[in-house]
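Each chain gets a letter, A, B and so on, in the order its sequence line appears, and its residues count up from 1.
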Amino acid sequence: MTLTSAPDLATPPVRRPFRQGMARLRRDPVSLGALIIILAMVLAAVFAPWAAPYDPNATDISVALEASSWAHLLGTDVYGRDQLSRIIYAARIDLLIPAAATAIALIIGCAIGAVAGYRGGWLDHIVMRCVEAVMAFPALVLAMGLAAALGSGLGNLVIVIAVTQVPTYLRLIRGEMLRVRDMEYAEAARTVGNGDGRIIFVHLLPNCIPPIIVQATLSLGYGLLTMATLSFLGLGVRPPDSEWGEMTAEGASQIVTGEWWLFVFPGLAIIFTVLAFNLVGDALRDLLDPRMRGVK
Amino acid sequence: MPPLLEVSELSKAFPLRGATRMLATFRGGPQAVQAVSDVSFNVAAGETLGLIGESGCGKSTVARCITRVIDPTSGTVLLNGQNIAALDKTAMRRARHDVQMVFQDPTAALNPRLTVRRMVEEPLRLEGKLTSTQRRERLFEVMDDVGLGRDLVDRYPHEMSGGQRQRVNIARAIATHPRFVVLDEPTSALDVSLRSRIILLLEHLRKRLGLAYLFISHDIATVKYLAQRIAVMYLGRIVEEAPGAELFARPAHPYTRALLSAVPVPDPDAATERFPLSGEIPSPLAIPTGCALRGRCPLAQPICAEPVPLRDIAPGRKVACHLA
């Protein structure tokens with residue numbers, strides 16, 4: 001029978017999201033700049049031993065507290081350590097810790113949020129009340145309290161930042177789950193014999209990915225900001241490890257005596273990096289989720 | 001020989017929740033929407049039973065109860081003598097390979113993140129009977145059956161046309177050799193030129209593979225073509241059941257007469273019956289006692305307030321009307 005096997009009209013063209021994204025970036029210099037800043041920071045962090053002109057912890061009293069010069073582009077601190085080198089090495093901690101925290105928060109938040117949203121009922125109620133209890137604390141107060149309770153250390157810092165971020169992911173995924181769980185493909189997955197676990201994690205979760213990517217990019221920036229704030233307050237990274245927030249704290253005490261560069265340059269590093277993550281996050285949102293375009 | 005599928009006294013009520021429930025309690029009204037009440041029918045092997053009725057009459061709820069996407073409130077669904085309405089989760093997962101469903105919206109029923117290969121192979125993998133080589137063979141065999149080119153095997157749903165998507169849905173449904181397939185308005189989301197192709201394909205598959213269909217539709221013409229027997233639903237109940245030709249020639253229930261008289265006939269000189277009902281469909285929260293149609297029926301009598309069972313009026317014909 002010819003009718004049963006005839007092709008049904010023309011096949012629509014294949015979409016290429018990556019190529020579309022690149023074309024968009026070319027028309028959007030701000031996002032492109034932000035992406036370049038992030039890539040530069042990552043490269044600097046990875047290749048710190050080659051990128052940094054000096055050993056970040058080598059002291060040289062003879063050049064202490066020097067302003068910018070060709071020898072020390074961003075000046076030196078009280079101990080004569082080269083500030084540019086310290087900022088470059090600090091990028092390792094400043095990128096790695098928010099990244100680890102984001103990864104942990106994402107995995108925990110997605111797993112719990114997906115199950116709660118899919119199952120609904122009492123489980124959903126309990127989970128959401130717990131989330132609200134956590135969110136009732138201002139994020140920074142929660143982070144400070146946790147950091148003070150757990151003590152310093154990079155591992156604890158990751159936990160602290162992750163805890164402040166879990167509720168965001170959880171609520172995001174739960175909302176997405178509520179949307180996709182009533183789609184016909186969820187029913188179709190059930191009729192062919194999938195169990196709940198496979199329906200949630202194989203069929204539904206992959207359809208919630210775009211907003212997660214956007215949120216992850218944004219929360220890298222927030223995580224960095226949280227860490228820098230904690231370090232500035234003395235609750236995060238401690239000297240002699242270098243971290244941008246901790247460096248601004250050290251530099252802040254020098255402002256009155258006129259050595260402004262110790263405060264300004266690590267501060268600029270924080271500002272540019274956080275801003276870059278936010279801009280890239282917004283650009284990704286525009287690209288992946290056209291419905292949210294223009295919503296901040 | 002017993003029928004392949006035997007549905008008896010199937011009911012589904014959706015309990016009200018939250019504020020609507022409180023309001024219902026306060027007013028002393030019902031606390032659940034009675035979507036399907038006491039629906040019974042049989043489908044023999046290789047047969048197509050059409051299920052027609054307007055939107056919201058419970059057709060799709062019946063389909064979802066039979067495929068256990070939702071659990072029925074009461075009643076039995078015997079497939080090959082096994083009551084699938086009472087199976088637990090694990091047993092039901094095994095039984096699913098025998099009863100499959102084709103959904104209304106071909107786009108919404110396909111996971112946008114999976115390729116044709118993964119979607120059509122999945123039921124086979126879950127069934128666990130075939131090796132991966134056999135699964136691939138079966139995949140191509142099914143794709144040939146439904147008229148999908150083999151070059152489409154690694155496409156995503158958005159890379160295919162509407163007709164191709166519905167063919168993928170059908171391929172997925174028949175992959176595990178089910179004996180019974182529920183077709184939930186499989187053509188209503190397709191444009192007219194594709195409808196006939198899909199209908200022909202479904203009929204072709206039924207004959208060749210010996211499938212039995214429950215064909216749900218509000219498109220009378222399609223049902224007329226495909227179904228050997230037709231059941232008419234109104235407000236969650238079956239009001240009439242008859243062989244296709246007889247139903248169209250001599251509808252017995254007033255609702256069926258109204259439904260058929262509303263179908264446009266492409267012949268200006270044809271003598272068509274005008275049989276209008278008055279008013280709107282009552283809310284499924286407040287279904288009238290006795291005959292559910294009595295508030296709208298031009299023939300209504302006092303006796304219509306009495307309960308009205310579906311009774312036999314001729315061999316193979318059943319109707320739920322005191323006056324028929």
Per-residue contact mode, B/E127 against chain A (heavy atom under 4.5 angstrom):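 Interface part for B/E127: neither.
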What part of B/R118 lies closer than 4.5 angstrom to a heavy atom of chain A: side chain, backbone, both or neither?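 Only the side chain of B/R118 comes within 4.5 Å of chain A.
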Test B/L110 against A/E184 for side chain to side chain contact (heavy atoms under 4.5 Å, CB included), laying out the working first. CA-CA 8 Å; B/L110 298 179; A/E184 272 189 348; over 6 Å; no
Can you confirm whether [X] is buried at [atom1], in the sense that more than 12 heavy atoms of other residues, nucleotides or ligands lie under 6.0 Å from that atom?
X	atom1	result
A/R92	CZ	yes
A/F47	CZ	no
B/R17	CZ	no

Closest approach of [X] and [Y], non-hydrogen atoms and distance?
X	Y	answer
B/Q100	A/T191	NE2-O, 3.0 Å
B/R96	A/V192	CD-C, 4.5 Å
A/H203	B/L114	CE1-CD1, 3.6 Å
A/Y185	B/P112	CE2-CD, 3.5 Å
A/G193	B/R93	O-CD, 3.0 Å
A/A188	B/A109	CB-O, 3.7 Å

Interface residue of largest heavy-atom contact number with chain A, from B/I70, B/D105, B/N111, under 4.5 Å: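 Greatest number of close heavy-atom pairs with chain A: B/N111.
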Among B/Q104, B/R94, B/R125, single out the residue with the greatest number of heavy-atom pairs under 4.5 Å to chain A. B/Q104
Measuring from atom CZ of A/R190 to atom CZ of B/R68, what distance do you get when rounded to the nearest 0.5 angstrom?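 Those atoms lie 9.5 Å apart.
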Residues forming a side-chain contact (heavy atoms from CB on, under 4.5 Å) with A/I37, sequence neighbours excluded: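 Expected list: A/M41, A/F272, A/A276.
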Quick one: does A/E187's side chain get under 4.5 Å of B/T67's, heavy atoms only? no
